[in-house]
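To keep things clear, I will list the structure first and then write my remarks on it.
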Amino acid sequence: MIRYLIKNNFKIMFRNPVNILMFTLAPILVSAVLISAFSTLLNSYKDVEKFDVGYSVEADSKYAAALDALRQVGEDAGVTFHSYETGTPEDLIREHSLGGFITFTKDGYTIYETKDAEVEGAKLEYMIASVYDGAVSGDVSGIKVPVEEPEVDPDIDSTDYYGIVFPVYFAWCAIVCAAGLLTQEKKHRIPERYRISDLSSAKIYLGRVMPVIAVVTLCIGVAAVFSAVLLGVHWGNVLLSGLLLLLTVIAASSFGMMLYELTRSMIATVILSFGIVWWAGYIGGTFETYMFSTWPEQVKLLSPLYHTNRALTELSNVGHSDYVLSAVIYLVIFSVVCSLVTIFAGSLRRKDRV
């Protein structure tokens with residue numbers, strides 16, 4: 001009997017192909033828009049290994065004594081200094097493609113930079129300050145620019161970030177795919193027929209949720225594949241990423257079914273589901289990257305989307321994540337609790353109407 005129920009519910013769901021098509025295309029389209037809109041937000045910092053800098057110096061400048069030290073520090077850092085006696089800094093930067101220009105006057109110095117060479121300018125500022133802090137006191141021997149290279153994870157770009165978190169977000173809106181099925185059930189008074197059958201609340205629940213899980217998994221899977229092919233999204237460990245997406249779909253479908261069983265209204269279910277998922281996504285890094293989010297870590301950990309988003313993006317970025325285990329545990333517990341609540345509520349409802 002349950003196999004017939006699952007098969008019949010599959011047929012009902014595919015009679016509404018618009019919802020399924022929309023659910024497949026929406027993650028791709030939204031990801032593409034946000035990837036384009038925020039392409040510069042998550043650009044990785046890229047150091048410039050070598051570049052040229054020009055300078056001019058007045059004869060009576062107190063900084064002239066440290067020029068040899070400056071050139072030596074520059075050589076060690078990949079910066080070559082060139083002396084220019086004529087020409088304005090702006091013209092010289094443009095004509096010789098310089099990363100910056102310094103004018104040493106009697107009592108000070110001025111650094112000229114361009115917007116196209118912000119990295120070079122920052123490096124030059126740091127170098128000059130390091131060298132001439134010693135020059136002012138007359139001590140220019142043994143000057144070196146301190147450099148530290150801590151081991152940090154590489155930054156993720158907007159393509160991989162938004163191309164991953166939005167399929168997760170849409171997976172949590174799984175109840176949309178069940179709308180046609182649940183609406184048709186109510187229209188044809190199917191729940192009343194269930195009451196005179198020998199089907200338990202658990203079997204009725206499985207007969208509903210399993211087709212939803214299968215269809216939403218298909219939609220999100222297709223969206224993930226197309227995002228990789230069309231948008232260039234890197235999913236990292238494919239098996240682990242696929243498992244997390246599947247568990248997300250199961251948790252989201254169970255959550256949607258629980259809300260429907262408690263409200264018995266498709267409109268109320270959609271409103272509640274979208275409202276809760278929106279806030280969970282907001283806290284969990286869907287709309288504002290979790291790297292830049294100001295939410296306390298304790299609050300973020302309450303959102304299942306945070307665990308999944310972080311696990312998937314770290315798998316894509318560095319190949320491993322400490323959040324994989326927490327995401328799996330969170331999603332499994334969430335699925336079990338929502339399923340039990342749905343079955344229990346269904347049993348109470350049937351007893352009240354017997």
So do the side chains of F226 and T24 get within less than 4.5 Å of each other, counting heavy atoms only? no
To the nearest 0.5 Å, what is the distance between NE2 on H96 and NE2 on H82? 9.5 Å
Which atom of A171 lies closest to which atom of V216, heavy atoms considered: O-CG1, 4.4 Å
Smallest separation among heavy atoms of S201 and G346, with atom names: OG-C, 3.4 Å
Scanning both residues in full, the closest heavy-atom pair of T159 with L231 reads CG2-O, 3.2 Å
For S316, which of D157, D160, V233 qualifies under side chain to side chain contact (heavy atoms under 4.5 Å, CB included)? D160
Listed partners of P296 passing side chain to side chain contact (heavy atoms under 4.5 Å, CB included), at least two apart: Q298, V299
Could you check whether the rings of Y84 and F101 sit parallel, tilted or perpendicular, using 30° and 60° as the cut-offs? tilted
Would you please classify the geometry between the F166 ring and the F170 ring as parallel, tilted or perpendicular, with 30° and 60° separating the classes? tilted
Please tell me if the side chains of S227 and P27 come closer than 4.5 Å, counting only heavy atoms from C-beta onward. no
Below 30° counts as parallel, above 60° as perpendicular, anything between as tilted: where do the rings of Y306 and Y290 land? perpendicular
Distance-only polar pair, side chains of Y260 and T342, donor-acceptor under 3.5 Å: no
Nearest-0.5 Å distance that lies between atom CD1 in I267 and atom OG1 in T183: 9.0 Å
Applying a strict under-4.5 Å side-chain criterion to I, L, V, M, F, W and Y, I'd like to know whether L262 and V337 cluster together. yes
More than 12 non-hydrogen atoms from neighbouring residues, nucleotides or ligands closer than 6.0 Å to CE on M210, yes or no? no
From CA spacing to verdict: side-chain contact (heavy atoms from CB on, under 4.5 Å), V277, C173: CA-CA 7 Å; V277 171; C173 301; 4.3 Å; yes
Would a 4.5 Å heavy-atom cut-off, applied to side chains only, mark Y323 and L301 as touching? yes
Would a hydrophobic clustering, with Ile, Leu, Val, Met, Phe, Trp and Tyr connected at side-chain separations under 4.5 Å, put F274 with M258? yes
Parallel, tilted or perpendicular: rings of F334 and W172 (30°, 60°): perpendicular
Separation between OH (Y330) and OG (S303), nearest 0.5 Å, reads 6.5 Å
With clusters defined by side-chain heavy atoms of hydrophobic residues (ILVMFWY) lying less than 4.5 Å apart, directly or transitively, does I343 cluster with V332? yes
Verify, without hydrogens or angle tests, whether H320 (side chain) and E314 (backbone) share a donor-acceptor contact under 3.5 angstrom. no
Check the side chains of T263 and T269 for a donor-acceptor pair under 3.5 angstrom, ignoring hydrogens and angles. yes
Can you name the nearest heavy-atom pair linking S321 to R310, along with the distance? OG-O, 3.9 Å
Rounded to the nearest 0.5 Å, the CD1 atom of I204 sits from the CE atom of M257 at a distance of 12.0 Å
State, yes or no, whether a side-chain contact exists between N309 and L305 at a heavy-atom distance under 4.5 Å. yes
Backbone N or O of D322 within a donor-acceptor pair of the S326 side chain at under 3.5 Å? no
Quick one: do V238 and L243 end up in the same hydrophobic cluster if we chain Ile, Leu, Val, Met, Phe, Trp and Tyr together by side-chain heavy atoms under 4.5 Å apart? no
Are L312 and L245 side-chain neighbours, meaning at least one heavy-atom pair lies under 4.5 Å? yes
Can you list the steps and then say if I283 with L302 is a side-chain contact (heavy atoms from CB on, under 4.5 Å)? CA-CA 9 Å; I283 295 171; L302 296 176; over 6 Å; no
Close side-chain approach of T110 to T105, heavy-atom, < 4.5 Å: no
For the residue pair T289 and Y162, establish whether any side-chain heavy-atom pair is separated by less than 4.5 Å. yes
How long is the span from the SG atom in C219 to the CZ atom in F23, to the nearest 0.5 Å? 6.5 Å
Any heavy-atom pair between the side chains of S83 and Y55 that's under 4.5 Å? yes
Between Y282 and W279, what is the ring plane arrangement, given parallel below 30°, perpendicular above 60°, and tilted in between? perpendicular
Please check if the number of heavy atoms outside F344 that lie under 6.0 Å from its CZ is greater than 12. no
Flag yes if L21 and V176 sit in one hydrophobic cluster, no otherwise; membership is Ile, Leu, Val, Met, Phe, Trp, Tyr, and two members link when side-chain heavy atoms are under 4.5 Å apart. no
Stepwise, does the side-chain contact (heavy atoms from CB on, under 4.5 Å) test hold for V215 with I20? CA-CA 8 Å; V215 171; I20 297 174; 3.9 Å; yes
To the nearest 0.5 Å, what is the distance between OG (S254) and CG (L259)? 11.0 Å
Can you name the closest pair of heavy atoms from N19 and G180 and give their distance? ND2-N, 4.3 Å
Closest non-hydrogen atom pair, V324 against L244: O-CD2, 4.3 Å
Derivation and outcome, side-chain contact (heavy atoms from CB on, under 4.5 Å), residues L182 and I175: CA-CA 9 Å; L182 299 177; I175 195 63; 4.1 Å; yes
